[in-house]
Amino acid sequence: MENCIFCKIANGEIPAATLYEDEEFRVILDLGPASKGHALILPKTHAANIYELPDELAAKAMVLAKKMAGKITDALQCDGFNIVQNNGEMAGQTVFHFHMHLIPRYKGDGVGITWTPGTLTDEMREEILAKVKG
Ligand code: AMP
Ligand code: ZN
C-alpha cells in the first residue's frame, strides 16, 4: 500500500534494525521502545489490523511471536514478556499496518501494560454471552 510506512519498512524500502526476516515477515526494533529489546513483527503484505489479516498470516505471526520471544528472552535475559497487538485508534493503534509488539519485561522496569479490574455482573455476562455466542 502506498504511503504506508510499515509496508516500506517490511519490504526493505526504508531501513530498520532487523532482528529476523523471511518471505512473509520482518521483525524490527521499535524506534520508541517501551523496554530494552522492544520489537515489532510486521507482515510484508498490507493489512490494516487483525480484522483484515488473512488467517494464514495470523497463524504464522503467532508462531513467529513465540519463536522471537524465546530468542529475545535468551539473548537479553529478560524476566518476563508481553505480546501486545492494538487495533483501532481507541485501542492505541497509531500505525495502521498490522503489527505485534514483542515487549521484554525486566524486574522493576515500570512499563505500564495494565488496567484496573472491573466487575463482571450477572447482567453483563448474560448480555455478552447472548450477543457473542448468538
Ligand atoms: P501502535 O501504537 O500499536 O500502532 O504501535 C506503533 C509502534 O510503532 C510504536 O511503538 C512506535 O514507536 C513504532 N514506530 C513508529 N514508527 C516507527 C519506525 N519508523 N520504526 C520503528 N518503529 C516505529
Ligand atoms: Zn502497510
Side-chain angles (χ1 to χ4, degrees):
M1 199 177 112
E2 252 177 82
N3 291 327
C4 171
I5 186 156
F6 280 4
C7 275
K8 290 179 179 158
I9 291 173
N11 290 287
E13 291 165 48
I14 295 176
T18 298
L19 295 176
Y20 172 88
E21 183 185 4
D22 62 26
E23 278 192 2
E24 290 161 308
F25 296 95
R26 184 186 294 269
V27 182
I28 64 165
L29 288 180
D30 194 298
L31 275 187
S35 67
K36 181 181 174 184
H38 182 172
L40 302 171
I41 295 181
L42 311 179
K44 291 186 175 181
T45 52
H46 185 82
N49 49 44
I50 200 164
Y51 308 113
E52 290 186 5
L53 189 71
D55 287 356
E56 196 192 338
L57 280 182
K60 287 180 176 172
M62 185 50 92
V63 173
L64 181 53
K66 175 182 156 67
K67 179 171 157 173
M68 293 307 302
K71 230 177 161 169
I72 293 169
T73 300
D74 287 347
L76 301 182
Q77 292 290 292
C78 56
D79 305 307
F81 213 93
N82 290 116
I83 295 175
V84 176
Q85 199 276 307
N86 301 324
N87 298 283
E89 207 177 328
M90 286 306 110
Q93 187 176 12
T94 58
V95 180
F96 296 91
H97 174 123
F98 175 91
H99 51 280
M100 290 172 86
H101 293 264
L102 305 174
I103 306 178
R105 298 298 305 273
Y106 304 89
K107 193 165 186 257
D109 65 18
V111 174
I113 304 170
T114 186
W115 55 85
T116 306
T119 303
L120 180 63
T121 62
D122 294 347
E123 193 185 5
M124 192 62 81
R125 184 188 63 237
E126 293 312 313
E127 180 192 334
I128 296 164
L129 290 178
K131 284 183 173 168
V132 177
K133 290 173 76 180

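The structure presented is a predicted model; accordingly, all values stated were derived computationally and were not measured. Each ligand, and each atom within it, is numbered from 1 in the order the structure gives. Counting from 1, the numbers follow the sequence of the chain as shown. Below, all heavy atoms of this structure are taken into account, side chains as well, without hydrogens, waters or symmetry copies.
- Y20 and L42 sit in two unconnected hydrophobic clusters of ILVMFWY residues. Membership requires side-chain heavy atoms under 4.5 Å apart, directly or through other members.
- At the Zn ion (ligand 2), the vertex angle linking SG of C4 with SG of C7 is 120° (nearest 10 degrees).
- H46 contributes atom ND1 as its closest N/O/S atom to the Zn ion (ligand 2).
- Hydrophobic clustering of Ile, Leu, Val, Met, Phe, Trp and Tyr side chains at less than 4.5 Å, counting indirect connections, unites V95 with L40.
- Linking Ile, Leu, Val, Met, Phe, Trp and Tyr residues whenever their side-chain heavy atoms come within less than 4.5 Å places F81 and L29 in a single cluster.
- When the N, O or S atoms of H97 are ranked by distance to the Zn ion (ligand 2), ND1 comes first.
- The contact shell of ligand 1, taken as protein residues with any non-hydrogen atom closer than 4.0 angstrom, comprises I5, F6, I9, I28, L29, D30, L31, G32, L40, N86, G92, Q93, T94, V95, H99, H101.
- Between H99 and H101, the ring centre distance stays below 6.0 Å.
- For the side chain to side chain contact (heavy atoms under 4.5 Å, CB included) test with L102, the passing option among L19, D30, I83, T73 is I83; the others fail.
- In terms of heavy-atom proximity, R26 sits nearest to I9 at NE-O, 3.0 Å.
- In terms of heavy-atom proximity, P104 sits nearest to I72 at CG-CG2, 3.7 Å.
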